[in-house]
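All ligand and atom numbering here is 1-based and tracks the order in the structure.
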Amino acid sequence: MQINDHTPTPDDISWVSDEVAAIHERNRQRGHADWCGHDFDFTCPSSVTYPFQWFWDSCFHAIALSHVDLQKAEAELKSLLKNQHSDGFVSHVTFWQRDAYEEMVSTYAIAFRSRYLSDEMQPPLLAEAVSAVAKRGRGVEFINEVLPAVKRFYEWLHTVRNPYGDGLVRVVQPDETGIDHSPVWDEIMNIQDEEHESWDRGWHSICDPYDKFDRDPKKMIELNHFVVADVMTNTIYIENLHVLADLCQQVGDQAGHDEYQARAVKARKSLDELCWNEEDGLYYGVNGKENKQLRVNTFMCLMPLLLPDLEKRKADLLIARILNPDEYWAKYPIPSTAMNHPTYRPDTVGGNLVWRGPSWINSNWYIARGLKRHGRNDLARHITNQSIAMVRKSGFREYYNPQTAHGRGAPDFSWSTILIDLIHEVK
Ligand code: GLC
């Protein structure tokens, strides 16, 4: 397929900017929550299916908003941090207006810390979000306002979710990676078919046993049935430790800077030692204290391309996979599961399991930036241009068919607006 590596046109840029601003206005949730006594002001992922505040969605939203509305961008992150727990943990869903949506909540498979706050993490791109908002906005002033809470969150990850001391963060259930239904989890979750009921049963088989320990993290990890160092989550973690180190430096916190850099170096080394598979030429997540690799070919295996210090040999191997028309080089890349994997389903429709084939704009954002970092801005631009084409054809949807660009899942899906940042990156 021809590489479409022209610079995004001024017309594309202004059209996308207008759409981004409009979606964040339509999906904005503002109000007061009596249950915690705080006001809230954030963009929900979708007013149709996800009216609450999700952790990593909000980080993507803030980055997109930093290009079009700094006041909203700051409010997004401040709302996210308002209900941070005393141990530093930030829930992956804050159910600000839960009482108005009781029926909808009953359909979610989610673990709770309290009635309004979940007991799950999501990929930790908070530092990146703060950095983007500070860079285009109030700089050090904004960093100083949020940094103590941001540091507490990364301390929680380090102390609670790094149980083996290798520096890698472990997730204890699939949805903590944000890639809920990926076929990577099928074996551990004993998924027999592609029905939601099967996934829900698998989710309960992982999560119900945690309840008898009141979800005490130590005991959940000791159970050793789902303790995954996921490649994508850890690539994002490593990237964010570097960004956090930089934020510390900007406000003169040299000790913080040095500590986070050291953590990033350690996690980076472990990622290579545990997750790289020389035979397959891919990175895989590992499960349990035995560090068993989960050998399923999905876009997550390609994520370490984001790391600037990835050695050239490995970067080249991953890039070759992206360019392989049997795996990831679809007309509208990048499919979430390799096209030659038996679980690949390009046309996920409402109610099906997600992350099994369709292309998503947030993973494109990460992988295209990784390609640029490894000297392939031509491919980064191609992915950006094809993403623009998907959005022009089908609107800002949750995900897209990689062959046809048909939009699926929620309409007006807010994190797809991260496209605006990608456009600026590859210009
Ligand atoms: C789905 C996605 C998850 C996302 C959430 C809200 O559950 O898999 O990553 O955070 O929707 O958009």
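- Assignment of H181 to the shell around ligand 1 is not supported, since no heavy atom sits closer than 4.0 Å.
- Neither the backbone nor the side chain of H92 comes within contact range of ligand 1; no heavy atom lies under 4.0 Å.
- At a heavy-atom distance under 4.0 Å, no atom of F55 approaches ligand 1.
- For atom 9 (O) of ligand 1, the closest non-hydrogen atom of the protein is G178 O, 2.6 Å.
- In terms of protein heavy-atom proximity, atom 1 (C) of ligand 1 is nearest to Y50 OH, 3.6 Å.
- Looking at ligand 1, you won't find any N or O of E398 less than 3.5 Å from one of its N or O atoms.
- Exactly one of Y116, W96, F52 qualifies for a ring-ring contact (aromatic ring centres under 6.0 Å, His included) with F40. That residue is W96.
- Using modelled atom types, one finds a donor on one side chain and an acceptor on the other under 3.5 Å when comparing N364 with S387.
- Partner of Y283 under the side-chain hydrogen bond (donor to acceptor under 3.5 Å, both in side chains) criterion, chosen from D272, N234, N277: D272.
- The NZ atom of K372 sits 14.5 Å away from atom CG of L305, with the distance rounded to the nearest 0.5 Å.
- Residue D57 has at least one nitrogen or oxygen atom sitting less than 3.5 Å from a nitrogen or oxygen atom of ligand 1, judged on distance alone.
- In this structure a side-chain-to-backbone donor-acceptor pair under 3.5 Å is present from S414 to P45.
- From the protein, the heavy atom lying nearest to atom 7 (O) of ligand 1 is D180 OD2, 2.9 Å.
- Checked by distance only, ligand 1 and W56 come closer than 3.5 Å through their nitrogen or oxygen atoms.
- Heavy-atom proximity to F413, at under 4.0 Å, picks out these atoms of ligand 1: 12 (O).
- The closest donor-acceptor contact from the side chain of Q97 to the backbone of P51 lies under 3.5 Å.
- Residues F396 and F413 place their aromatic rings such that the two centres sit no closer than 6.0 Å.
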